[in-house]
Amino acid sequence: MSVIQFPKDFVWGAATASYQIEGAWNEDGKGLSIWDVFSHTPGKVVNGDNGDIACDSYHRYEEDIALMKELGIKAYRFSIAWPRIYPQGSGEVNPKGLEYYHRFVDKLIENGIEPYCTLYHWDLPQALQEKGGWNNRETIDAYLQYAETMFKEFQGKIKYWITFNEPWCVSMLSNYIGAHAPGNQDLQLALDVAHHLFVAHGKTVRMFRELGIEGQIGIAPNLYWYEPYSNRKEDVEAARRKRAWYNEWFLDPLFKGSYPQFMVDWYKKKGAEVNIQPGDMEIIKEPIDFLGINYYSGSLARYKENFEDFDCEEIDEGYEKTDIGWNIYPEGLYKTLTWLTETYGPVPIYITENGACYNDGPVDGRVRDQKRIDYLQKHIIQLNRCIQSGVNLKGYITWSFMDNFEWAEGYSKRFGLVHVDYNTLKRTPKDSFYWYRHLVRTNWLDI
Ligand SMILES: N=[N+]=NCCCCNC(=O)[C@@H]1[C@H]2[C@H](O)[C@@H](O)[C@H](O)[C@@H](CO)[C@@H]12
């Protein structure tokens, strides 16, 4: 046995998101979100599940925070439901929405837990969607008004802000693949949405600086690692395109102020292009304080002419998979973070999401989720490799603190350290909760 030690100020945390845990979908003046509409649309979510109740954390947050304190985490990443603050997306603020998040954040701070706040984790006000949503550049202005309200309202309480969770999911998964709200399937639309998110991000960072808000601000893309199936030129190029679809397209604008040209050319061949207005790229590359990285999986990529969108097929040979069917590829995390550091410099990085779907339930009151422990351990070992290799890694925030509404998969997929019985809403810490608590308390890992 050997021990790996993490830096003494390394931040250990856990994450959730508003629509996935809060419930209270139409309470205290909250407006509709695109996920309320999407999940209420037959056929969109497994078993017809929706977030009307979810984990009922809107009413049970004190119980949840008591469990977080028992877990010993120093950081809790959560998101604000924009429709609770601006029920119509802009215009009148809803005071009950602000009051709720003040009570919640005060309770976190009272328990010694640092709030890491995501402003946008996919629950766009439906009123804005009806005016084009992220396809309409005017949504950028509504987002800026919302962000400014939150910065001023929580100045001094919230010191870590994330503008957007996973722009790839908001653009590609939701507007090209169509699996998430609002469910469009249009590549040009997806590129326009991604660009508008970037402009909103850049303007928000600039506003954060101009207002002199105390704290740090970043963004949380989801990155995915593809290795070529062979060293044939076609396979190497195919893997490069697939990596760029997830990674460079969402990182180059932030750090280089440009899109990767080989992908711009590739999309043009597909009949889609990026509509950039003068000054956009300068705004987008407004320097950030940290990068949140969400990493789950990766795969092998092999060239296949005219296959799907990138002339590339995924070869899943030899990977063990989690219960959501994603490959377990811990070395991909090391490759991703070292590539990112080599490409963009020593950016301060938090892993803002990493975790596994395993659907273990309670037996005699105990949830034996050894596979989740194995997944977490394998990935956290890679983080130690990253730190030894010079990656400027500041912390690890696991997904997820508790089982929750897993988007189009509904409640059929569980990612939590805490099991939730959706009939009774009873919370049961899993074996992984106690394993993670030991790591958080000692800051080292027995391997
Ligand atoms: N292969 N494959 N997958 C295709 C890409 C899927 C990307 N989904 C995510 O990263 C979401 C992220 C989200 O922030 C969180 O809200 C979700 O609950 C987790 C778990 O799903 C992850």
Side-chain angles (χ1 to χ4, degrees), residues 13-22 33 35 38-39 45-46 49 51 54-55 57 77-81 116-124 162-181 190 197 219-226 242-243 245-247 249-250 292-301 308-310 312-316 319-329 332-333 336 350-359 372 375-376 379 397-417 420:
T16 62
S18 46
Y19 189 77
Q20 295 183 269
I21 67 164
E22 288 179 356
S33 79
W35 268 96
F38 194 76
S39 66
V45 179
V46 166
D49 291 342
C55 306
S57 289
R77 179 178 172 235
F78 64 98
S79 76
I80 304 287
Y116 280 61
C117 179
T118 306
L119 284 167
Y120 188 79
H121 201 125
W122 306 354
D123 39 1
L124 182 74
I162 292 166
T163 54
F164 289 97
N165 181 69
E166 303 199 346
W168 181 90
C169 285
V170 181
S171 54
M172 292 296 168
L173 193 57
S174 307
N175 286 284
Y176 179 50
I177 296 168
H180 280 193
L197 288 179
I219 187 170
N222 56 302
L223 307 184
Y224 214 78
W225 193 261
Y226 286 92
K242 279 298 276 249
R243 281 201 303 270
W245 182 41
Y246 274 100
N247 307 341
W249 194 264
F250 295 92
I293 298 296
N294 295 359
Y295 175 89
Y296 287 92
S297 184
S299 191
L300 291 176
E308 291 182 356
D309 314 298
F310 299 94
C312 168
E313 61 178 341
E314 290 194 19
I315 307 296
D316 287 354
Y319 291 99
E320 193 189 337
K321 295 177 189 300
T322 63
D323 285 354
I324 199 169
W326 297 354
N327 295 332
I328 300 173
Y329 184 24
L333 178 55
T336 301
Y350 289 88
I351 298 299
T352 36
E353 286 184 32
N354 173 249
C357 171
Y358 287 108
N359 294 326
R372 176 172 287 104
Y375 175 100
L376 295 175
H379 287 78
I397 298 174
T398 190
W399 185 272
S400 176
F401 169 68
M402 63 200 303
D403 294 340
N404 57 58
F405 177 80
E406 180 44 44
W407 308 112
E409 300 288 342
Y411 299 105
S412 70
K413 300 291 184 293
R414 295 176 179 270
F415 278 84
L417 298 179
V420 177

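Counting starts at 1 for both ligands and their atoms, following the listed order. Nothing fancy with the numbering, it's 1 onward along the sequence. Bear in mind the structure is a predicted one, so any value in this text is a computation, not a measurement.
- If you number the atoms of ligand 1 from 1 as listed, the ones under 4.0 Å from a heavy atom of His121 come out as 13 (C), 14 (O), 15 (C), 16 (O).
- Salt bridge Lys413/Asp403: absent, no basic N to carboxylate O contact under 4.0 Å.
- Residue, atom and distance of the protein heavy atom nearest to atom 11 (C) of ligand 1 are Glu166 OE1, 3.6 Å.
- Residue-to-ligand polar distances keep Tyr246 apart from ligand 1: every N/O pair is separated by 3.5 Å or more.
- Considering only non-hydrogen protein atoms, atom 7 (C) of ligand 1 sits nearest to Cys169 SG, 3.8 Å.
- Of the residues listed (Asn165, Asn294, Thr118), the one engaging Thr352 in a side chain to side chain donor-acceptor pair (under 3.5 Å) is Asn294, and it is the only one.
- Looking at atom 6 (C) of ligand 1, its nearest protein heavy atom turns out to be Trp326 CZ2, 3.8 Å.
- Between Asp316 and Lys321 the shortest side-chain heavy-atom distance falls below 4.5 Å.
- By the 30° and 60° cut-offs, the orientation of the rings of Tyr19 relative to Trp35 is tilted.
- Taking the six-membered ring where the residue is Trp, Trp245 and Phe310 present tilted rings, their angle falling between 30° and 60°.
- Side-chain atoms of His379 and Ile328, non-hydrogen and from C-beta on, do get closer than 4.5 Å to each other.
- Counting only heavy atoms from C-beta outward, the side chains of Ser171 and Phe250 approach each other to under 4.5 Å.
- Residue Trp168 has no N or O atom closer than 3.5 Å to an N or O atom of ligand 1.
- Using 4.0 Å as the threshold, Lys413 has no heavy atom nearer than that to any atom of ligand 1.
- Among Lys321, Glu409, Glu353, the residue whose heavy atom lies nearest to atom 14 (O) of ligand 1 is Glu353.
- In terms of polar-atom proximity, defined here as any N/O pair under 3.5 Å, Asn222 makes no such contact with ligand 1.
- With a 4.0 Å cut-off on non-hydrogen atoms, Ser297 does not touch ligand 1 at all.
- Ligand 1 is never approached by Ala17 to a heavy-atom distance shorter than 4.0 Å.
- Residue Asn165 has at least one N or O atom closer than 3.5 Å to an N or O atom of ligand 1.
- Checked against a 3.5 angstrom limit, the closest N/O atoms of Tyr224 and ligand 1 fall inside it.
- For Glu406, a nitrogen or oxygen atom sits less than 3.5 Å from a nitrogen or oxygen atom of ligand 1, counting backbone and side chain alike.
- Residues meeting the ring pair (Phe, Tyr, Trp, His ring centres under 6.0 Å) test with Tyr246, sequence neighbours left out: Trp168, Tyr224.
- Annotation: atom 19 (C) of ligand 1 to nearest protein heavy atom, Tyr296 OH, 3.5 Å.
- Sorted by first and then second residue, the salt bridge (Lys or Arg N to Asp or Glu O under 4.0 Å) pairs involving residues 350-359 (not counting sequence neighbours) are Arg77-Glu353.
- With Phe405 as reference, Tyr411 is the one residue of Trp122, Phe38, Tyr411, Phe415 to meet the ring pair (Phe, Tyr, Trp, His ring centres under 6.0 Å) rule.
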